Amino acid sequence: MAINKEIAAIFYAIADLLDLQGVEWKPIAFRKAARTLENYSEPMDKIVKAKGIKGVMELPGIGEGIGKKIVQYVEEGKIDEYEELKKEIPAGVRLMLNVPGMGPKKAARLYKELKIDSLEKLEAFAKEGKIRALSGFGEKSEQDILMGLELVKKGQERKLMGIILPYARELAKKINSIPGVQRVELAGSLRRRRETVKDIDILALAKDGKKVMDAFVKLPDVEKVVSKGDTKTAVILKMGLNCDLRVLSPEVYGAGLVHFTGSKEHNVALRMLAIKKGMKLDEYGLFDNKSGKNLACKNEEDVYARLGMQYIPPEMRENTGEIELAQQKKIPELIGYDAIHGDLHTHTNWSDGANTTEEMVVRAVELGYDYYAITDHSKSDVIANGLNEKRVKEHFKEIDALQKKFPQIQLLKGAEVAILSNGKLDYGAETLKEMDIVVGSIHSGFKTPPKEMTKRLLTAMENEYLTFLGHPTGRLLNQRNPYEYDIEKILETAASNRIAVEVNAFPSRMDFDADHIRLALQKKVKLVINTDSHSTQNLDFMEFGIAQARRGWAKKEDVLNALPWKAFQREVLR
DNA sequence: GCCGTTTTCGGCCCGACTGTTTTCAGTCG
Ligand SMILES: Nc1nc2c(ncn2[C@H]2C[C@H](O)[C@@H](COP(=O)(O)OP(=O)(O)OP(=O)(O)O)O2)c(=O)[nH]1
Ligand SMILES: [Mg+2]
Ligand SMILES: [Mg+2]
Ligand SMILES: [Zn+2]
């Protein structure tokens, strides 16, 4: 897992360095391989050990050349070509690529012709007006570089989708009320519901693009205009993110939305498919090469259909096999956004939640849930004000009383029980047996070596009371890496012990991720989708968890809390 | 460097916007 990310990072670096050397095509190949590794949930060392180079060459975009490099990294912890490239090009030159507007061609020229090999030198040269001496560079280029350097210093990290989506919806409404705008859609990674987003991409349909753009850049949300045309405008928003607005004519809604939803890799794959079929695909339509006729542009369905494919839901558009599935008409019926009947991982102010149990239950009733589990922290999670056995009993008495008051919802007693370092659960059987839902979570010892961590989880999964593993990799987006263990082994055990795994919808968690979900489903492990709410507002996070499950190609049947109460009771509670 | 029911060689997505340009390369989405 971590090793895949390590190798991917090296491949991205190799791609950049080759780009700087003006090498053609190879950078694309290395980036494609890097992306394959990032999305692959089995660690490369395991594959190499089991099947050698043949094993890695089965993966898309990985052939003999790149395969050998993976094997070398697994065996020696380094890759020769990368070591060579690093000697040829100073690290600072690659960093210069982070400056917006600075690509490999410009960076290479600044390095070759002015010996600029660091961000500091770049700044100094720009300030002193020494860059304009180069043909093709001018005063404006120097200003752009200086402004770009400021952005690099700020260091923009990707933002949490769950935080940005509500804001983006509001912004979309404002754009929708610009005169002449007929329709607005969120696009890009937001529409695909990636767990993090770099920017907000919005598609607007209107006849007169220029008018819309003029009004758009005057919105109070806009801090600064980066570029502005009649059909494409990029701005920096006051809230800190960039926003790309694309305005297209309503007739090309479908082709435009396919294009602007992406992913890039999905688009490229679709376009190559079109080429094979004697057509051309862009944001204005799918065109027949011979007649030049626009064959499909109105709806997304039309575009896919004309390419011989089923409609592909946005959450699946990552070019990780969905195109082949759509060609075989085997796109799964993904779990719907209204399919969840109960939240199974929630907190109250008995531990570290902000609201009372009753306030949480009231909101759960409002959300229309059939059942609702209250799962506060266990005693070892002291910072989270975890409950000892005595307080658990008291809390459960309160829940019994609330059940009488709210007969329209089935309240489930539970706990998010710490999995201790020895793998034992934080409560004994006499406490656990009183519970309907037992969430097993790791909240300590994240750096435990993989072998021990695997054993720890296996021990926990021996516990007959365990219902599911909570936030199963423990990652915190932008903050903490996943803890490492043998995921395949754990999933196989989960399947045989009938223990589910969670898709945690909390915006900074979103854990499992899409690739782990797909692996879990391959192993016939059931999912539960929960908010891990610490307040009544948090209960609205459910849609993000469902999105994540859809990104992992989950169907309703794969998700335990998509079962209506009676079936849930029969199949899950014991 | 990868890949193949039209290819084992010769392709590899395609268009918008900008700056420095007299006709377009570079970057980006
Ligand atoms: N055909 C094509 N489409 C692209 C390319 N780059 C981007 N797009 C399309 C698909 C993207 O989803 C969409 C928005 O671009 P972004 O750079 O904002 O990427 P995206 O939103 O997918 O991810 P992000 O979270 O912003 O990094 O534009 C490209 O190189 N070719
Ligand atoms: Mg985007
Ligand atoms: Mg964008
Ligand atoms: Zn929790």
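Just so we're on the same page: letters track the sequence lines, and every chain starts at 1. The structure displayed is predicted, hence computed values, not measured ones.
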Quick one: [X] [atom1] to [N] [atom2], roughly how many Å, whole number?
{"X": "A:Met96", "N": "B:dG26", "atom1": "CE", "atom2": "C1'", "result": "15 Å"}
{"X": "A:Asp244", "N": "B:dG15", "atom1": "CG", "atom2": "P", "result": "19 Å"}
{"X": "A:Glu24", "N": "B:dC2", "atom1": "CD", "atom2": "C1'", "result": "15 Å"}
{"X": "A:Gln143", "N": "B:dT18", "atom1": "CD", "atom2": "P", "result": "15 Å"}
{"X": "A:Leu248", "N": "B:dA16", "atom1": "CG", "atom2": "C1'", "result": "11 Å"}
{"X": "A:Arg317", "N": "B:dG29", "atom1": "CZ", "atom2": "P", "result": "20 Å"}
{"X": "A:Leu273", "N": "B:dC14", "atom1": "CG", "atom2": "C1'", "result": "16 Å"}
{"X": "A:Leu281", "N": "B:dC12", "atom1": "CG", "atom2": "P", "result": "15 Å"}

Between [N] and [M], how many Å separate the two [atom1] atoms, rounded to a whole number?
{"N": "B:dT5", "M": "B:dG1", "atom1": "C1'", "answer": "24 Å"}
{"N": "B:dT23", "M": "B:dC14", "atom1": "P", "answer": "27 Å"}
{"N": "B:dT27", "M": "B:dT21", "atom1": "C1'", "answer": "16 Å"}
{"N": "B:dC17", "M": "B:dT7", "atom1": "C1'", "answer": "37 Å"}
{"N": "B:dG29", "M": "B:dT22", "atom1": "P", "answer": "27 Å"}
{"N": "B:dG26", "M": "B:dT20", "atom1": "C1'", "answer": "12 Å"}
{"N": "B:dC2", "M": "B:dT8", "atom1": "C1'", "answer": "12 Å"}
{"N": "B:dG11", "M": "B:dA16", "atom1": "P", "answer": "25 Å"}

Practice task
I would like to know whether A:Glu83 and A:Lys78 meet salt bridge (charged side-chain N to carboxylate O under 4.0 Å, His left out); could you show each step before the answer?
Solution key: CA-CA 8 Å; A:Glu83 300 303 318; A:Lys78 69 177 173 97; over 6 Å; no
Which nucleotide wins on minimum distance to the side chain of [X], given the candidates [options]?
{"X": "A:Ala29", "options": "B:dA16, B:dT18, B:dG1", "result": "B:dG1"}
{"X": "A:Lys105", "options": "B:dG29, B:dC13, B:dG26", "result": "B:dG26"}
{"X": "A:Lys264", "options": "B:dG15, B:dA16, B:dC13", "result": "B:dC13"}

Handout entry: Aromatic-base stack, A:Trp25 on B:dC12, cutoff 5.5 Å, angle under 30
Key =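 Base of B:dC12: stacked against A:Trp25.
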Classify the nucleic acid contact of [X] as base, sugar-phosphate or nothing, counting any heavy atom under 4.0 Å across all strands shown.
{"X": "A:Asp199", "value": "nothing"}
{"X": "A:Leu270", "value": "nothing"}
{"X": "A:Glu283", "value": "sugar-phosphate"}
{"X": "A:Lys228", "value": "sugar-phosphate"}
{"X": "A:Pro60", "value": "sugar-phosphate"}
{"X": "A:Asp282", "value": "sugar-phosphate"}
{"X": "A:Ile66", "value": "sugar-phosphate"}
{"X": "A:Glu265", "value": "nothing"}

Exercise for the section: Give a yes or no answer on whether the side chain of A:Glu322 reaches the backbone of A:Ile312 with a donor-acceptor pair at less than 3.5 Å. Expected result: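 Between the backbone of A:Ile312 and the side chain of A:Glu322 there is no qualifying donor-acceptor contact (under 3.5 Å).
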Problem - Side-chain (A:Glu142) to main-chain (A:Ile131) donor-acceptor, under 3.5 angstrom - result: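 At least one qualifying donor-acceptor pair exists.
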Problem - Residue whose closest nucleotide on DNA chain B lies nearer the 5' end, A:Pro104 versus A:Met57 - result: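 On the 5' side of the pair lies A:Met57.
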Problem - Earlier contact from the 5' end, DNA chain B, for A:Met213 and A:Lys106 - result: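 Nearest nucleotide further toward 5': that of A:Met213.
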Handout entry: A:Glu265 side, atom CD; A:Asn39 side, atom CG - distance, nearest 0.5 Å
Key =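 So the CD of A:Glu265 and the CG of A:Asn39 are separated by 9.0 Å.
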Problem - Reported CE-to-CD distance for the pair A:Met309 and A:Gln328, which is rounded to 0.5 angstrom - result: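 Atom-to-atom, A:Met309:CE and A:Gln328:CD are 10.5 Å apart.
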Whether [X] contacts [N] is assessed here as follows: a side-chain N or O lying under 4.0 Å from the phosphate OP1 or OP2. Is that the case?
{"X": "A:Lys140", "N": "B:dG19", "result": "yes"}
{"X": "A:Ser141", "N": "B:dT20", "result": "yes"}
{"X": "A:Lys276", "N": "B:dT7", "result": "no"}
{"X": "A:Tyr284", "N": "B:dA16", "result": "yes"}
{"X": "A:Lys26", "N": "B:dG1", "result": "yes"}

Side chains of residues 270-281 of chain A: which donor-acceptor pairs under 3.5 Å do they make with residues two or more places apart or in other chains?
unit_1, atom_1, unit_2, atom_2, d
A:Arg271, NH2, A:His259, ND1, 3.1
A:Lys280, NZ, A:Asp282, OD2, 3.2

Handout entry: For the student: nearest non-hydrogen atoms of A:Ala255 and A:Gly285, plus distance
Key =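 Here A:Ala255 and A:Gly285 meet closest at CB-N, 3.4 Å.
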Practice task
Would you check if there is a donor-acceptor pair between the side chains of A:Gln72 and A:Asp80 at a distance under 3.5 Å?
Solution key: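 Yes, side-chain donor-acceptor contact under 3.5 Å.
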Practice task
Report the base-pairing partner of B:dT8 (Watson-Crick or G-U wobble, both distances below 3.5 angstrom), or none.
Solution key: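 WC or wobble partner does not exist here.
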